[in-house]
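Below, chain A is the first sequence line, B the second, and so on; all start at residue 1. Just the heavy atoms: all of them, side chains too, but no hydrogens, waters or symmetry mates, feed the values below. These numbers come from a predicted model, not from an experiment.
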Protein chains: 2
Amino acid sequence: MNETSILGYALLGLLLQKPRSGYDLRKIFTATPMRTFSDSPGAIYPALRRLEERGLVRSHVQERSGLRRRRLFRPTSAGVAEFKTWQTKAILRDDLIRRTDELMLRFAFMDETIGPKKSLEFLKALAGELASYIPSLRTCLGPREGHMPLSGRLALESGIQGYEALLRWARKAIAVYERKEKGRA
Amino acid sequence: MNETSILGYALLGLLLQKPRSGYDLRKIFTATPMRTFSDSPGAIYPALRRLEERGLVRSHVQERSGLRRRRLFRPTSAGVAEFKTWQTKAILRDDLIRRTDELMLRFAFMDETIGPKKSLEFLKALAGELASYIPSLRTCLGPREGHMPLSGRLALESGIQGYEALLRWARKAIAVYERKEKGRA
DNA sequence: AGGTTCATGTAACCCGTTACATGATTTC
DNA sequence: GAAATCATGTAACGGGTTACATGAACCT
């Protein structure tokens, strides 16, 4: 029994908001900023089937007068649990390097699942990891800079600036959550 | 005969700089900022074999007194040609959404292959595409903002800010190339 | 003698891509 | 009655991940 893929978690997260059909999910992946995910039926329907086989979602056919019948999916309690576990696992250096998208997806549904307190914790962990990673990137490429072609140097610089932008975003987001907390207190 | 994968192009680009062995390439993927690529032998050696089968690289075994013999790869003229074609193809909206990494990889080797003039053209095209994409993202999520949980909204915002950072980077890079051009004139 | 680094591979597995297929319902 | 939209699937293919395997040279 294998791990759930990122697509699987994206589907789970959307189903946590409300029950949806495969077609609903596809539409989200074509029409909203979640279009980084593929809206191809060849990806989504098998992914839903796997989620069901693993007991993370349950589905039943919804009969509707007039309209075509469709299969509605909703997460099971095991699905919710696995989703939360995935969201709260530690942030590793490697997540920063290869799985930034996954980190953002984990965060995107946090308020709805584990609440703003945990969202804030996540952001702090993310900011901490970024703050330690960025300087290490700089020192790693600093010495090389001399004998590198301009475009190569700039490409690396773009990566670093991407991380710096992410750190600025995380810090602002932290401030937003903290203001909200104080406001409630 | 299928298309070359991103990993394939990364390998080709590095081989364009100088002949290297599979092991050399692996080390680059473990030790440099190119670590977004997998350094697993199960990815690299098959990828090299495919490149060779497609006639994009040639290899020969290098015998070395004392040291273990190793297989050195170098691009063929067909390989160079395909690489340049890949680098110069049009920048699509979809590249921005799903393949930013690939765009950066295309740019990273440009000075060495097709020269600074083309690099500048690439940057201008990229900046243009970004400048048209970012507002469309903003207007797409603007209306939704009301009925979205905070973490979801922030996650989207992070995506947009990532694109904005990329645009700032591109504009600075354009300025660098243009200064260099004037300096030479 | 034993551990590390150099060096190259293979095999199973999984998932995403692409393309194809089907059929109901709504709209013109 | 034809086209578009709703809705759900399957099948071939390819490439990346993970894990395993091997063996030479070097260092201690």
Side-chain angles (χ1 to χ4, degrees), chain A residues 1-12 19-31 34-54 56-57 59-73 94-95 97-99 101-102, chain B residues 1-12 19-31 34-54 56-57 59-73 94-95 97-99 101-102:
Chain A
M1 189 82 45
N2 225 317
E3 267 179 39
T4 305
S5 69
I6 298 190
L7 173 61
Y9 284 115
L11 296 171
L12 253 183
R20 302 180 202 256
S21 68
Y23 191 73
D24 289 338
L25 294 161
R26 285 188 61 202
K27 274 188 300 181
I28 291 172
F29 294 156
T30 32
M34 285 191 83
R35 60 175 129 260
T36 40
F37 293 97
S38 161
D39 67 341
S40 127
I44 289 171
Y45 290 105
L48 287 169
R49 185 160 35 76
R50 285 193 299 273
L51 288 176
E52 191 153 27
E53 278 164 8
R54 288 168 197 170
L56 305 180
V57 303
S59 76
H60 70 274
V61 175
Q62 181 189 35
E63 300 287 352
R64 296 177 301 176
S65 57
L67 290 160
R68 247 211 92 170
R69 67 201 170 90
R70 58 190 205 147
R71 179 175 293 273
L72 272 188
F73 292 84
D94 220 55
D95 294 322
I97 297 173
R98 282 164 225 238
R99 291 179 294 271
D101 294 347
E102 187 177 349
Chain B
M1 190 82 43
N2 225 317
E3 267 180 39
T4 305
S5 69
I6 299 189
L7 173 60
Y9 284 115
L11 296 171
L12 253 182
R20 301 180 203 255
S21 68
Y23 190 72
D24 290 338
L25 294 160
R26 284 188 62 202
K27 275 188 301 182
I28 291 173
F29 293 155
T30 34
M34 284 188 84
R35 58 174 131 262
T36 39
F37 292 97
S38 160
D39 66 342
S40 128
I44 290 172
Y45 291 104
L48 286 169
R49 184 160 36 75
R50 285 194 299 272
L51 288 176
E52 190 154 28
E53 278 164 10
R54 287 168 198 171
L56 306 180
V57 303
S59 76
H60 69 276
V61 175
Q62 182 190 31
E63 300 287 353
R64 295 177 302 174
S65 57
L67 290 159
R68 249 211 90 169
R69 67 202 172 89
R70 58 193 207 146
R71 179 174 294 275
L72 272 188
F73 292 84
D94 220 55
D95 294 320
I97 297 174
R98 281 164 227 239
R99 289 180 295 271
D101 293 347
E102 186 176 351

Fill in: B:Leu25 CG to C:dT8 P, straight-line distance once rounded to whole Å
9 Å
Worksheet item: In Å and rounded to the nearest 0.5 Å, what is the CZ to CG distance from A:Arg64 to A:Leu72?
Response: 7.5 Å
Discussion item. Tell me whether the side-chain N/O atoms of B:Ser5 come closer than 4.0 Å to OP1 or OP2 in D:dG14.
Written reply: no
Practice prompt. Only counting residues at least two apart or in another chain, list the ones meeting salt bridge (Lys or Arg N to Asp or Glu O under 4.0 Å) with A:Arg98.
Written response: A:Asp94
I'd like a list of close polar pairs between nucleotides 4-6 of chain C and the protein, N/O only, cut-off under 3.5 Å.
residue, atom, partner, partner atom, Å
C:dC6, OP2, B:Tyr23, OH, 2.7

Worksheet item: Taking atom P of D:dG9 as reference, at what distance in whole Å does atom CZ of A:Arg70 sit?
Response: 13 Å
Worksheet item: Quick one: is B:Arg26 getting a side-chain N or O under 4.0 Å of the C:dA7 phosphate, OP1 or OP2?
Response: no
Practice prompt. Using salt bridge (Lys or Arg N to Asp or Glu O under 4.0 Å) as the criterion, list what pairs up with B:Arg49, not counting sequence neighbours.
Written response: B:Glu53
Worksheet item: For A:Arg70, which residues count as a salt bridge (Lys or Arg N to Asp or Glu O under 4.0 Å) partner, sequence neighbours excluded?
Response: A:Asp24
Discussion item. Can you list, in residue-number order, the parts of residues 37-47 of chain B that come under 4.0 Å of DNA chain D, counting heavy atoms only?
Written reply: B:Ser38, B:Ser40, B:Gly42, B:Ala43
Worksheet item: Which whole-number value in Å describes the distance from B:Glu52 CD to C:dG9 C1'?
Response: 14 Å
Discussion item. My understanding is that only residues two or more places apart in sequence, or in another chain, count here; which of them pass side chain to side chain donor-acceptor pair (under 3.5 Å) with A:Arg26?
Written reply: none
Response to the item:
Those residues at least two apart in sequence (or on a different chain) that pass salt bridge (Lys or Arg N to Asp or Glu O under 4.0 Å) with A:Glu52 are none
Fill in: Touch class at under 4.0 angstrom, heavy-atom based, for A:Arg71 against every strand present
sugar-phosphate
Response to the item:
B:Ile6 atom CD1 is separated from C:dT17 atom P, nearest whole Å, by 12 Å
Practice prompt. Round to a whole Å and report the spacing from CD of B:Glu102 to C1' of C:dT17.
Written response: 14 Å
Item to complete: Could you check how far CG of A:Asn2 sits from C1' of C:dC15, rounded to whole Å?
Response: 9 Å
Report all side-chain donor-acceptor pairs from residues 39-47 of chain B shorter than 3.5 Å, counting only partners two or more places apart or in another chain.
residue, atom, partner, partner atom, Å
B:Ser40, OG, B:Gly42, N, 3.1
B:Ser40, OG, B:Ala43, N, 3.3

Worksheet item: Would you call A:Thr36 and A:Asp101 a side-chain contact if the rule is heavy atoms closer than 4.5 Å?
Response: no
Fill in: B:Tyr9 OH to D:dG15 C1', straight-line distance once rounded to whole Å
15 Å
Response to the item:
Across all chains, not counting sequence neighbours, the side-chain contact (heavy atoms from CB on, under 4.5 Å) partners of B:Arg68 are none
Item to complete: Round to a whole Å and report the spacing from CD of B:Gln62 to C1' of C:dA7.
Response: 12 Å
